[in-house]
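This report refers to the structure that appears directly beneath it.
Counting from 1, the numbers follow the sequence of the chain as shown. Values in this document were obtained by computation on a predicted structure and should not be read as measured data.
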Amino acid sequence: IISYALNADFEGRGLMSEALRRMCAVFLDDWGVNSVRASVLAGNKRSIALLERNGFSRQRHEHETVVETFVMARSLLSDNKVTQHLQGLQ
C-alpha cells in the first residue's frame, strides 16, 4: 500500500508525479509485479488527475465507499510516455 501527502508549499512542482513514476517503475520493471492498483476518494480530484496523468486507468467506482480504483498494468506502461521518461533518467 502506498499513501502520499504533500505539503502545500511544494504543490505544483511535479514532485508527486515523479515519485509515482519511479515507484511504478520499481514495482513493474524491477520487482516484476504485473500491475499497480490505486484507490482514491472519488472527490479527490487532484489525486485522480495525478493517477490519470501518469498512465493509470479507471477500473471501477465503489458507490458505497465513494472510492475510485485505478490500475497501471505492465502492458500499459510499456507503451506509455513514462517508460521513455524513465529511460532518459538512467
Validation row: V26, V33 side chains within 4.5 angstrom (heavy atoms): no
query: Do F27 and S35 come within less than 4.5 Å of each other through their side chains, counting heavy atoms only?
result: no
field: Atom pair CZ/CZ of R53 and R21 - distance to nearest 0.5 Å
entry: 9.0 Å
query: About how many Å separate CG of D30 and CE of M23, when rounded to the nearest 0.5 Å?
result: 13.5 Å
field: Distance-minimising heavy-atom pair for L50 and Y4
entry: CD2-OH, 3.5 Å
Nearest atoms (heavy-atom pairs only) where I48 meets A42: CD1-O, 3.3 Å
query: Is there a donor-acceptor pair under 3.5 Å between the side chain of N44 and the backbone N or O of V40?
result: no
task: With side chain to side chain contact (heavy atoms under 4.5 Å, CB included) as the test, would you mind laying out the steps for N34 and L28 before giving the verdict?
output: CA-CA 6 Å; N34 289 322; L28 298 168; over 6 Å; no
message: Please enumerate all residues that pass side-chain hydrogen bond (donor to acceptor under 3.5 Å, both in side chains) together with R37, with sequence neighbours excluded.
response: none
query: According to the salt bridge (charged side-chain N to carboxylate O under 4.0 Å, His left out) rule, which pairs have a member within residues 43-52, sequence neighbours left out?
result: E11-R46, E52-R58
